[in-house]
Amino acid sequence: MFTDYFLLSLKSIRHRKLRSWLTVIGIVIGVAAIISLMTLSRSLENTIEDQFETFGANRILISAKGFHGPGSLSQGLTTEDAETIKKISGFEYVISGIFRSAEVRYKNEIGFTIIGGIPSEMYEEFYGDTGIEIEGGRNIREDEKYVAIIGSRVATDMFEKDVHVGDKIEIAQQEFRVVGILEEIGNAQDDNQISISLDAAREIFDEEESIDLIIAQVKSTSDIPQLQEKIEKELERKRGDTNFQVLTASQILEQINQILGIMQIVLVGIAAISLIVGAIGIMNSMYTSVLERTKEIGIMKAIGAQNKDILTIFLIESGLIGLVGGIIGTILGTSLALAVGPFSKSAGFTLNITIEPLVIILGLLFAFCVGIIAGVLPAWQASRLKPIDALRYE
Amino acid sequence: MELLKLENVYKIYSLGEENIAAINGISLLINKGDFVALIGPSGSGKSTAMNLIGCLDIASKGNMYLNGLNIQNLPESNLAQIRGKKIGFIFQTFNLIPSLDALENVALPMTFQNVPRPIRIKRAKELLKQVGLADRIYHLPNQLSGGQKQRVAIARSLINDPDIILADEPTGNLDTKTGDEIMNILVDLNKKGKTIILVTHNHELTKLANKIITLKDGKAMEAQ
C-alpha cells in the first residue's frame, strides 16, 4: 500500500516539475549550508588538534602575561626565570627562546617574518620531540652561530626565487647561512618562521637577558598538572609578582575549542535559518498543491479514499521533496567542503577535510523530517476536506 | 430486491437565520437491477439528492438504507469505504486524475481498497478493453477525447464491482453521437444486472430508464 501511495506522490511531483524543483532547491541550499559548514568546522577542529599534537603534548610553555604565541612582543621573563625552572625536577630539558619579527633580505628582496632563537645545542631535542622533519639540509649544530633553519614557505613563497640550503640570507643586517629547510607543518605562521641560535638572536635583537618563551619538556605527561603548579609557585616566589603565565598544550587547545564551539553554533545557526526558509518553501508549495488539487482530492474521496489515505499521499509527497533536497544538498555540501581543502592549502593552512558519516546521516534525516513537518499542516487540511466541497471546487 | 431505500430524508442548509430545505422529505426505493432516471430542473434538489445517494454528503434528517444497512449516521471513514466498494461514480466532467494514465486511473479505486497491484492492473486492463480502449491504456487524460475520457471513467466506476452506478449527466459534455455511445454502454451494463442511477435534465435519456424520479422543490415524484 505504501509503495502505491509513494508512486502516486511521485507522479504528482513529476506532474508539476518546475515547482517541485524550485521547492527542492530551497531545501538543497539549507542542507548544503549545514553539511558544508559542519564538515568544515569539524575538520578545522581536528586539524588544530593534530597541530597541537605536533607541538608536543608534553610541553609546558611559560611566557610573560599578554604573550599569546610567537610574534607578539612581550617583556618580563629573564634567564633567571629559566634557571628557576631548571631547578625543578621532572623536566627532561628546559629551552629558553626569543621570538621576534625582523626584516629578512634575500638577493635584494625584503621579507618580514618571525625569527626564533633557541640555544643551538638544543635544536636536536627541539625538532626531535615535535616530530617535525628537516626536509633538506641538516639541523643547527652546537657552537654554530650565524646559521639558520627556514620554514617551508620561507623557502618557496617568501621571495621570488626559492631559497636553497647553502644560500645566504640577511636577518636584521646580519648574514646567515641556510643549513636546513623544514618540511611543511601546515600553518602559515610556523611555515614562515626562521630559526637561529639564541646567541645570534641576542646579538641581532640586542637583548642581553630577556626571554620571550620558556619551553619545559616534561618527562611524563601525567606530571604536567603538578609541574605546572610548581612552576607557578616557584616563579612567583622568586619574582615576587604574577606577571607571567604557564600554559600547557591541552589548555591552549581547550581555549581554541571553546572559540571554535561558539563559531560552530553561529555557523550552524545561520545554516538552520536557510533550512527554515526552505521548509516554509515546502509548506507553501504543499498548500498550493492542496489548493490546486482540491478537485483531485474530491475525486479520490469519491472513489473510496479515506482521510488517512489522502494524508499519507500528501505527507509522502512533502517528505520526498525534503529527502531529494537532502540528498542533493548533502552531495553539494560535502563537495563544497572538499573543495575548500586545496583552497585552504594555498592560503597557508592545510585543512584536512574529514567527511563524517554521522553528519551526512543527520543531514538526510533532518531534511526528510523538515519535509514531513512542513507537509503536516497542508496534508491535514487536504485530508479534512469534505468530499462534496472538494468535488465542487473549480 | 431492495437495494437503496430513502425514508423521509431531509437536507437542510442554514443561511443565517433562515433554513433552506434542499431536500424536503424524500422517500424512495430503488431495487437491484433498476435503471433509474433522476430528473428535474436546476434548483430542484437533484444534485443534493445525488450527493446523498452517493454518500458524498450526509442527510440532516431521515434514514437511508443501502443493502439494508442504515448509512445515515456512519462516520466519514465508513462512508469512504461504501463509496469505494458499493458505488461507482460517473461525472459530467469525467473527473480523471490528470497525472495518472488511463490504466492507473481505472485501477485507482482498487488501490484504496488495498488490492494487490497485479490484480488491479489485470482487472483495469479487462475493463478498458470492455469499453473499447485497449489501445489507449497508457494515455494521460489530456491525450484522450471527451468520449474516451468518459469511457475511462466508466471503466473506473466498475472496477470494484459496485452495487450502484451513479452517473451525473454523463453525456452533458459530449456530442450527440458520442453521448449515445456512452448511453449504450450504460444500457448494456444495466442489462448485465447493474443498477444504474442516471441524473440528468435531458428528457430524451429518461426513455432508457425503467423508473423515473422527478424532483421539484426538494420533493420527489415517481413514475414507472
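The analysis underlying the following values was restricted to heavy atoms, covering all of them including side chains, and did not include hydrogens, waters or symmetry mates. In what follows, every chain begins at residue 1, and chains take the letters A, B, ... in the order their sequences are listed.
Shortest non-hydrogen contact noted between B:Ala80 and A:Ala305 is CB-O, 3.6 Å. Closest of all the heavy-atom pairs between B:Leu56 and A:Pro387 is O-CG, 3.7 Å. Taking all atoms of both residues into account, the shortest heavy-atom contact from A:Ala302 to B:Phe89 is O-CE1, 3.2 Å.
In this structure, the portion of B:Leu96 lying under 4.5 Å from any heavy atom of chain A is its backbone and not its side chain. With a 4.5 angstrom heavy-atom cutoff, A:Arg392 touches chain B only via side-chain atoms. In this structure, chain A has no heavy atom under 4.5 Å from any part of B:Pro116. The parts of A:Ile388 that come within reach of chain B are both its backbone and its side chain, each placing non-hydrogen atoms under 4.5 angstrom from that chain. In this structure, no portion of B:Ser47 lies under 4.5 Å from any heavy atom of chain A. Neither the backbone nor the side chain of A:Lys386 comes within less than 4.5 Å of any heavy atom in chain B. Neither the backbone nor the side chain of A:Leu10 comes within contact range of chain B; no heavy atoms are under 4.5 Å apart.
Comparing B:Ile97, B:Asn51, B:Ile159 by how many heavy-atom pairs each has under 4.5 Å with chain A, the most go to B:Ile97. Of all the listed residues (B:Arg117, B:Arg120, B:Gln113), the one sharing the greatest number of non-hydrogen pairs under 4.5 Å with chain A is B:Arg120.
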Between B:Asn95 and A:Leu391, does the side-chain contact (heavy atoms from CB on, under 4.5 Å) criterion hold? Intermediate values first, please. CA-CA 9 Å; B:Asn95 284 350; A:Leu391 260 181; 3.4 Å; yes
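Between the side chain of B:Arg83 and the main chain of A:Lys301, a donor-acceptor pair closer than 3.5 Å is present.
Put simply, OG1 on B:Thr111 and CE on A:Met300 are 10.5 Å apart, with the number rounded to the nearest 0.5 Å.
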